[in-house]
Amino acid sequence: MFPEAYDPLDPNGNITIKWDILSWAPDGYIALVTMSNFQRYRHITAPGWSLGWKWAKKEVIWAMVGGQTTEQGDCLKFKETIPHCCERTPTIVDLLPGTPYNQQISNCCKGGVLSSWTQDPTNSVASFQVTVGRAGTTSKTVRLPQNFTLKAPGPVTWNVTCTYSQFQAQKIPTCCVSLSSFYNDTIVPCPTCSCGCQGNTAQSGSCVDPIAPHLASVVNNSGKNSITPLVRCTSHMCPIRVHWHVKLNYREYWRIKVTITNFNYRMNYSDWNLVVQHPNFDNLTRIFSFNYEPIIPYGSINDTALLWGVKYYNDFLMQAGPSGNVQSELLFGKNKSTFTFDKGWAFPRRIYFNGDICVMPPPDAYPWSPNDGSKQEVSFLVLMMASLVSLVFYAYV
């Protein structure tokens, strides 16, 4: 395992692959292969996973249910019954939803998409059945395949034991954070060149001006299935921007607004998630239009939250454009011994989007706080009215 694959927010997170021999075949066996995503906030998006290995001997795959190989390989030596795959190093992919029932098996046919364990445990498992030949028919002759490799969209690879490493997977950041507050007119943007610089397509991919007259033709001809981002031209060049706005200060509460904007014309993000670290999550009072689950990997320190969209409401982050954003407001209770607007305390310590850490502005660029006498405070009655309006709006939508 790579030492940099360790995640302090998810120390036990992994993808486990189980190879279970169900029965014997004339010259081999039938096995059920199951992948379980035990990562709390990282998932595999479309176009999905692919699983590869190297056979220990000269095995072949006679048949598959719930999956298929990408190549058949050289099967010329077989004259009567032709195997499904003769490759020494086969690669398996999932089948698409809507596959005929006689080709399905439980937990298959999701197009290779695996949800995180926290967001949707029922869809965090994938399975396929494989009939293996030329393997022998006893426990003494059967050999487990070697060199398992699990790949996901983008330059992402898990090697068994299948823990995730952002350093190995994506050395260039994919998201950044901007900041603002009610008590200061300054809007702190994402740091320049957070995810690359304009003109350096090898690093950040290509970009397009959103007001360009040929925008539609560029996007339509860019190949939406391409992994390389086609982003809106910005100073930061990130596919995703997370904006944290300190909105209001009440006597006993304070309120923030989080907005996630997609600048990538080639990618829709289904089942997205956000991980945020802030010391006041131990006193989160209400969240209005995201799901929330605390992440507490160590003892009772509750300073990290997993946020994701509400099913059929905002769990799908559209590609760059007018609908390419999701947002919610969070209400925190005040702990008089720790709460302050001084020294950037109201802003997050760290943010992850879909498991990748986002580039934060430098601390000395954070919006400065005014003196205590000028802080905006709102009565509890106004707080309740604002909450009621938010609930009515959410119910209406």
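In this chain, residues are counted from 1 in sequence order. The shown structure was predicted, so the numbers you read here are calculated from the model rather than taken from an experiment.
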Tell me, with the steps shown, if L274 and I351 meet side-chain contact (heavy atoms from CB on, under 4.5 Å). CA-CA 7 Å; L274 202 68; I351 289 181; 3.8 Å; yes

Approximate separation, where rounding is to 0.5 Å, of [X] [atom1] and [Y] [atom2]:
{"X": "L76", "Y": "C86", "atom1": "CG", "atom2": "SG", "value": "8.5 Å"}
{"X": "H278", "Y": "L330", "atom1": "NE2", "atom2": "CG", "value": "10.5 Å"}
{"X": "T70", "Y": "Q68", "atom1": "OG1", "atom2": "CD", "value": "8.5 Å"}
{"X": "N264", "Y": "T261", "atom1": "CG", "atom2": "OG1", "value": "13.0 Å"}
{"X": "L248", "Y": "S181", "atom1": "CG", "atom2": "OG", "value": "11.5 Å"}
{"X": "C85", "Y": "M64", "atom1": "SG", "atom2": "CE", "value": "9.0 Å"}

Under 3.5 Å, is there a donor-acceptor pair between the [X] and [Y] side chains?
{"X": "N249", "Y": "K334", "answer": "yes"}
{"X": "H243", "Y": "S180", "answer": "yes"}
{"X": "Q319", "Y": "N262", "answer": "no"}
{"X": "T69", "Y": "H84", "answer": "yes"}
{"X": "N147", "Y": "T149", "answer": "no"}
{"X": "N325", "Y": "T259", "answer": "no"}
{"X": "N184", "Y": "Y366", "answer": "no"}
{"X": "N280", "Y": "W254", "answer": "yes"}

Quick one, W62 with Y29, criterion ring-ring contact (aromatic ring centres under 6.0 Å, His included). Give me CA distance, side-chain angles, the key distance, then yes/no. CA-CA 10 Å; W62 284 115; Y29 59 88; over 10 Å; no

Are the side chains of [X] and [Y] in touch, meaning some heavy atoms are under 4.5 Å apart?
{"X": "N354", "Y": "Y269", "result": "yes"}
{"X": "I30", "Y": "Q129", "result": "yes"}
{"X": "W272", "Y": "I260", "result": "yes"}
{"X": "V258", "Y": "V242", "result": "yes"}
{"X": "F128", "Y": "L51", "result": "yes"}
{"X": "F263", "Y": "P229", "result": "no"}
{"X": "L150", "Y": "I15", "result": "yes"}
{"X": "I295", "Y": "D10", "result": "no"}

Backbone of [Y] reached by a side-chain donor or acceptor of [X] within 3.5 Å:
{"X": "D20", "Y": "K18", "value": "no"}
{"X": "R42", "Y": "S116", "value": "no"}
{"X": "T186", "Y": "P367", "value": "no"}
{"X": "E87", "Y": "V60", "value": "no"}
{"X": "N273", "Y": "Y41", "value": "yes"}
{"X": "D27", "Y": "R134", "value": "yes"}
{"X": "S178", "Y": "P189", "value": "no"}
{"X": "D94", "Y": "A126", "value": "no"}

For [X] against [Y], the heavy-atom pair lying closest together:
{"X": "N37", "Y": "W117", "value": "O-CB, 3.5 Å"}
{"X": "G112", "Y": "I44", "value": "O-CG2, 3.6 Å"}
{"X": "K311", "Y": "D271", "value": "NZ-OD1, 4.1 Å"}
{"X": "V231", "Y": "P239", "value": "CG1-CA, 3.9 Å"}
{"X": "V125", "Y": "T34", "value": "CG1-CG2, 3.6 Å"}
{"X": "R232", "Y": "C207", "value": "C-CB, 4.2 Å"}

Determine, stepwise, if the pair W19 / W53 fulfils side-chain contact (heavy atoms from CB on, under 4.5 Å). CA-CA 12 Å; W19 189 283; W53 61 77; 3.7 Å; yes

Worked verdict on L114 versus W49 for side-chain contact (heavy atoms from CB on, under 4.5 Å): CA-CA 8 Å; L114 277 183; W49 55 263; 4.2 Å; yes

Audit row: N283, Y253, side-chain hydrogen bond (donor to acceptor under 3.5 Å, both in side chains) steps and yes/no: CA-CA 10 Å; N283 208 3; Y253 304 88; over 6 Å; no

Is there a path from [X] to [Y] through hydrophobic residues (I, L, V, M, F, W, Y) whose side chains come within less than 4.5 Å of each other?
{"X": "I256", "Y": "I287", "result": "yes"}
{"X": "L95", "Y": "I105", "result": "no"}
{"X": "L32", "Y": "W55", "result": "no"}
{"X": "W244", "Y": "F353", "result": "yes"}
{"X": "F316", "Y": "V326", "result": "no"}

Assess the residue pair C176 and C358 against the criterion (disulfide (SG to SG under 2.5 Å)); give the C-alpha distance rounded to whole Å, side-chain angles, the decisive distance to 0.1 Å, and a yes or no. CA-CA 5 Å; C176 64; C358 301; over 6 Å; no

Taking it one step at a time, do C195 and C238 satisfy disulfide (SG to SG under 2.5 Å)? CA-CA 5 Å; C195 303; C238 290; 1.9 Å; yes

Would you find more than 12 non-hydrogen atoms of other residues, nucleotides or ligands less than 6.0 Å from [X] atom [atom1]?
{"X": "K336", "atom1": "NZ", "value": "yes"}
{"X": "K57", "atom1": "NZ", "value": "yes"}
{"X": "E71", "atom1": "CD", "value": "no"}
{"X": "I296", "atom1": "CD1", "value": "yes"}
{"X": "L144", "atom1": "CG", "value": "yes"}

Looking at D7 and R40, is there a salt bridge between them, counting it only when a charged N and a carboxylate O are closer than 4.0 Å? no

Picking from H245, R255, K257, what satisfies side-chain hydrogen bond (donor to acceptor under 3.5 Å, both in side chains) with E329?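 Option passing the side-chain hydrogen bond (donor to acceptor under 3.5 Å, both in side chains) with E329: R255.
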
Under the side-chain contact (heavy atoms from CB on, under 4.5 Å) criterion, do F341 and F182 qualify, and how do the steps go? CA-CA 11 Å; F341 283 131; F182 71 86; 4.0 Å; yes

Paired with F332, the ring-ring contact (aromatic ring centres under 6.0 Å, His included) test is passed by just one of F339, W345, F281, namely F281

